Novice: 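I am attaching a structure below and will ask some questions about it afterwards.
All of these numbers come straight from a predicted model, not from anything done at the bench. Throughout, numbering of the chain's residues begins at 1 and tracks the sequence.
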Amino acid sequence: MKKMRIFLPIMVAVIGMFFFVQCKKDHSCNLKVSCFYSRNGLDPDTLVPFASISFDTVKYNAGMAVRPDIAKVQNVLTNAQGVFTYTLEYPALLIVNAVKIDTVYDEFDSSIVTITKYTGTTQIQVNEGETTEKSIMMVETN
């Protein structure tokens, strides 16, 4: 009986610990942006490798400092497949700008033949615990 008096409270404490201890929730906010060339701004053509990505948060910050997790990914490049992925610490509403300048050189004297600039913008709501995927249609601009 003495063993039962010691064993029972320990068993209740161990079982209670399993019921009241919560798993840590994943608060990370994953972002995946794909950049596509587009003739009309609506239909994707091919992926844009090494496009420059920047985040415009001024509209939503109302004069406050830019969050550190967003500030350190300004003017980054998409990979060779035209995709940029990043994990934010907190949810955010972002305006994402993408720019790509394609230059064609003369093969004989290495002079520039044409310069074509492509730009695209989209708004993204990144939510807690989710992976948000968005495509940017990049059109030719002057």
Novice: If the condition is side-chain contact (heavy atoms from CB on, under 4.5 Å), which residues does Thr114 pass it with, not counting sequence neighbours?
Specialist: Val104

Novice: Can you list the residues that meet the side-chain contact (heavy atoms from CB on, under 4.5 Å) rule with Asp43, with sequence neighbours excluded?
Specialist: Asn40

Novice: Tell me the ring pair (Phe, Tyr, Trp, His ring centres under 6.0 Å) pairs involving residues 110-142, sequence neighbours left out?
Specialist: Tyr37-Tyr118

Novice: First locate atom OG of Ser135, then atom CZ of Phe36, and finally report the distance between them rounded to the nearest 0.5 Å.
Specialist: 4.5 Å

Novice: List for me each residue that meets side chain to side chain donor-acceptor pair (under 3.5 Å) alongside Thr122, sequence neighbours excluded, and say none if there are none.
Specialist: none

Novice: Taking C-beta and beyond as the side chain, do Tyr105 and Ile112 meet within less than 4.5 Å on heavy atoms?
Specialist: yes

Novice: According to side chain to side chain donor-acceptor pair (under 3.5 Å), who are the partners of Glu140, at least two apart in sequence or on a separate chain?
Specialist: none

Novice: For Glu130, does its backbone N or O pair with a side-chain atom of Asn127 as donor and acceptor, under 3.5 Å?
Specialist: no

Novice: Identify whether Phe55 and Met137 are in the same connected component of the hydrophobic contact network (ILVMFWY, side-chain heavy atoms under 4.5 Å).
Specialist: no

Novice: The criterion is side-chain contact (heavy atoms from CB on, under 4.5 Å); which residues satisfy it with Thr141, sequence neighbours excluded?
Specialist: Lys117, Thr119, Val139

Novice: Which residues satisfy the side chain to side chain donor-acceptor pair (under 3.5 Å) test with Thr116, sequence neighbours excluded?
Specialist: none

Novice: Mind checking who shares a hydrophobic cluster with Val83, ILVMFWY linked at side-chain heavy-atom distances under 4.5 Å?
Specialist: none

Novice: Can you tell me how far apart CD1 (Ile124) and SG (Cys29) are? Round to the nearest 0.5 Å.
Specialist: 12.5 Å

Novice: Enumerate donor-acceptor pairs with a distance under 3.5 Å from any side-chain N or O in residues 45-52 to protein atoms, sequence neighbours excluded.
Specialist:
none

Novice: Once rounded to the nearest 0.5 Å, what's the spacing between atom CZ of Phe84 and atom CD1 of Ile53?
Specialist: 7.0 Å

Novice: Mind checking the NZ-CG spacing from Lys134 to Leu94? Nearest 0.5 Å is all I need.
Specialist: 11.5 Å

Novice: The criterion is side-chain contact (heavy atoms from CB on, under 4.5 Å); which residues satisfy it with Glu133, sequence neighbours excluded?
Specialist: Lys32, Thr131

Novice: Write down the atom of Ile136, the atom of Thr121, and the distance for their closest heavy-atom approach.
Specialist: CG2-N, 3.9 Å

Novice: Sorted by first residue and then second, give each salt bridge (charged side-chain N to carboxylate O under 4.0 Å, His left out) pair with at least one member in residues 101-111; sequence neighbours left out.
Specialist: Lys100-Asp102

Novice: Considering only heavy atoms from C-beta outward, does the side chain of Ser28 approach that of Thr87 to under 4.5 Å?
Specialist: yes

Novice: Roughly how far, to the nearest 0.5 Å, is the OG1 atom of Thr85 from the CG atom of Asn30?
Specialist: 8.5 Å

